[in-house]
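Values below: all heavy atoms of this structure, side chains included; hydrogens, waters and symmetry mates excluded.
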Amino acid sequence: MVVVELKPFNEILKTISPFKRVTVVGCEIGSGRCMQGGLKEAKEVAQFLENNGKEIVEVLTIGGTCLIEKVRKLEFKETDVIVSLACGAGTQVIAEETEIPVVTGVSTLFIGADCHKEWFYEYCIACGDCIISETAGICPIARCPKSLKNGPCGGAINGMCEVNNDTECVWFTIDRKLRSFGKTFKIENLSFRDFSKSNHPRRFENEL
Ligand code: SF4
Ligand code: SF4
């Protein structure tokens with residue numbers, strides 16, 4: 001899931017200061033799952049904006065805001081500005097599909113997982129060349145602060161990461177998991193990281 005963080009309501013209010021009539025759009029996939037930009041939070045933002053002099057035209061979600069065919073069906077009537085709580089991708093889709101100004105009410109943080117209810121952890125940086133079949137299903141590129149693909153840096157202290165000392169070195173985690181399968185990490189199974197696969201902007205054609 002894409003993890004987002006709701007901006008302070010006052011900041012959203014300031015961003016839309018030139019506008020009067022507002023539509024607030026939430027997204028139930030990433031933003032909603034994070035409890036930062038689903039319908040509930042969209043209603044809270046709308047209430048705050050209304051309390052501060054804005055006219056709320058509509059508050060809505062369409063499930064996944066990055067689904068272009070769904071966004072195309074939206075009709076934003078009588079609206080001066082759209083406040084989107086979708087991730088950066090979803091908000092850009094809305095901005096491309098409407099002539100109405102669009103502002104974001106969230107910051108997009110990372111691709112992650114909600115491991116412990118209120119805690120969300122980064123699990124993937126979308127490197128474009130996934131190697132986790134070789135690393136027990138655990139990504140060192142996203143979860144090692146140095147993005148080391150070829151093993152630990154040697155700085156770990158008692159198994160804890162030298163950069164984030166409240167977190168186990170991901171290479172220790174990988175090693176323990178591999179050993180539980182009766183395996184060990186084999187660097188020769190990995191090629192050098194191909195950074196051309198993460199050049200921006202990327203695109204993907206589904207040839208199926
Ligand atoms: S190896 Fe790349 S694609 Fe696979 S989980 Fe890690 S960052 Fe994501
Ligand atoms: S201690 Fe482990 S997780 Fe931390 S930077 Fe070094 S290799 Fe990466």
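Among all heavy-atom pairs drawn from Gly105 and Leu6, the shortest one is O-CD1, 3.5 Å. Nearest approach of Cys139 to Ala142, heavy atoms of both residues: SG-N, 3.2 Å. When every heavy atom of Cys127 is checked against every heavy atom of Ile141, the shortest pair comes out as SG-CD1, 4.2 Å. The two residues Arg193 and Ser198 come nearest to each other via the heavy atoms NH2-OG, 4.3 Å. Closest heavy-atom contact between Met1 and Cys34: CE-SG, 3.5 Å. Cys153 and Leu148 make their closest contact through CB-CD1, 3.4 Å (heavy atoms, listed as atom of the first residue, atom of the second, distance).
Side chain of Thr108 to backbone of Val4: no donor-acceptor contact under 3.5 angstrom is found. In this structure, the side chain of Asn158 does not engage the main chain of Met160 through any donor-acceptor pair within 3.5 Å. Counting only distance, with no hydrogens or angles, the side chain of Lys54 and the backbone of Gln47 share no donor-acceptor pair below 3.5 Å.
Judged as a ring-ring contact (aromatic ring centres under 6.0 Å, His included), not a single pair has a partner in residues 84-115 (not counting sequence neighbours). Within the structure, every pair that satisfies the side chain to side chain donor-acceptor pair (under 3.5 Å) test and touches residues 122-140, not counting sequence neighbours, is listed here: Glu134-Asn189. The side chain to side chain donor-acceptor pair (under 3.5 Å) contacts involving residues 160-175 comprise Lys146-Glu162, Glu168-Thr173, Glu168-Arg176, Asp175-Arg179, where partners must be two or more places apart or lie in separate chains.
Thr91 meets the side chain to side chain donor-acceptor pair (under 3.5 Å) test with Ser84; sequence neighbours excluded. With sequence neighbours left out, the salt bridge (Lys or Arg N to Asp or Glu O under 4.0 Å) criterion links Glu75 to Lys77. Applying the salt bridge (Lys or Arg N to Asp or Glu O under 4.0 Å) criterion to Arg72, with sequence neighbours excluded, gives Glu97. Applying the salt bridge (Lys or Arg N to Asp or Glu O under 4.0 Å) rule to Glu5 yields no partners; only residues at least two apart in sequence or on another chain are considered. With sequence neighbours left out, Glu50 forms a salt bridge (Lys or Arg N to Asp or Glu O under 4.0 Å) with no residue at all. Applying the side chain to side chain donor-acceptor pair (under 3.5 Å) test to Lys40 and every residue at least two apart in sequence or in another chain returns Glu44.
In terms of hydrophobic clustering, with Ile, Leu, Val, Met, Phe, Trp and Tyr side chains grouped at heavy-atom distances under 4.5 Å, Val45 and Val81 are assigned to a common cluster. Linking Ile, Leu, Val, Met, Phe, Trp and Tyr whenever their side-chain heavy atoms come within less than 4.5 Å leaves Phe76 and Val83 in two separate clusters. Linking Ile, Leu, Val, Met, Phe, Trp and Tyr whenever their side-chain heavy atoms come within less than 4.5 Å leaves Val71 and Val106 in two separate clusters.
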**Request:** Step by step, work out the side chain to side chain contact (heavy atoms under 4.5 Å, CB included) result for Ile16 and Phe19.
**Result:** CA-CA 6 Å; Ile16 62 165; Phe19 306 105; 4.2 Å; yes
**Request:** With side chain to side chain contact (heavy atoms under 4.5 Å, CB included) as the test, would you mind laying out the steps for Asn150 and Leu190 before giving the verdict?
**Result:** CA-CA 8 Å; Asn150 56 348; Leu190 294 179; over 6 Å; no
**Prompt:** Does the side chain to side chain contact (heavy atoms under 4.5 Å, CB included) test come out yes or no for Thr98 and Ile82, once each step is laid out?
**Reply:** CA-CA 10 Å; Thr98 177; Ile82 298 164; 3.9 Å; yes
**Asked** So Leu74 and Leu60, side chain to side chain contact (heavy atoms under 4.5 Å, CB included) or not? Walk me through it.
**Response** CA-CA 10 Å; Leu74 293 175; Leu60 61 99; 4.0 Å; yes
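The local environment of CD in Glu69 is crowded, with over 12 non-hydrogen atoms from other residues, nucleotides or ligands closer than 6.0 Å. The 12-atom threshold is not exceeded at CZ of Phe192, counting heavy atoms of other residues, nucleotides or ligands nearer than 6.0 Å.
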Name every donor-acceptor pair, under 3.5 Å, that has one atom in a side chain of residues 7-15 and the other anywhere in the protein, sequence neighbours excluded.
| residue | atom | partner | partner atom | Å |
| --- | --- | --- | --- | --- |
| Lys7 | NZ | Ser107 | OG | 3.4 |
| Thr15 | OG1 | Glu11 | O | 2.8 |

Side-chain atoms of residues 23-30: list all donor-acceptor pairs with protein atoms under 3.5 Å, sequence neighbours left out, distances to 0.1 Å.
| residue | atom | partner | partner atom | Å |
| --- | --- | --- | --- | --- |
| Thr23 | OG1 | Thr79 | OG1 | 2.7 |
| Glu28 | OE2 | Leu39 | N | 2.8 |

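A salt bridge links Arg21 and Asp80; the closest N-O separation between the charged side-chain nitrogens and carboxylate oxygens is under 4.0 Å.
Remark: Asp194 CG to Ile131 CD1 distance equals 13.0 Å, nearest 0.5 Å.
Screening Leu178, Val170, Ile132 for a side chain to side chain contact (heavy atoms under 4.5 Å, CB included) with Ile138, the sole residue that qualifies is Val170.
Through direct or relayed side-chain contacts under 4.5 Å between Ile, Leu, Val, Met, Phe, Trp and Tyr, Phe204 connects to no other residue.
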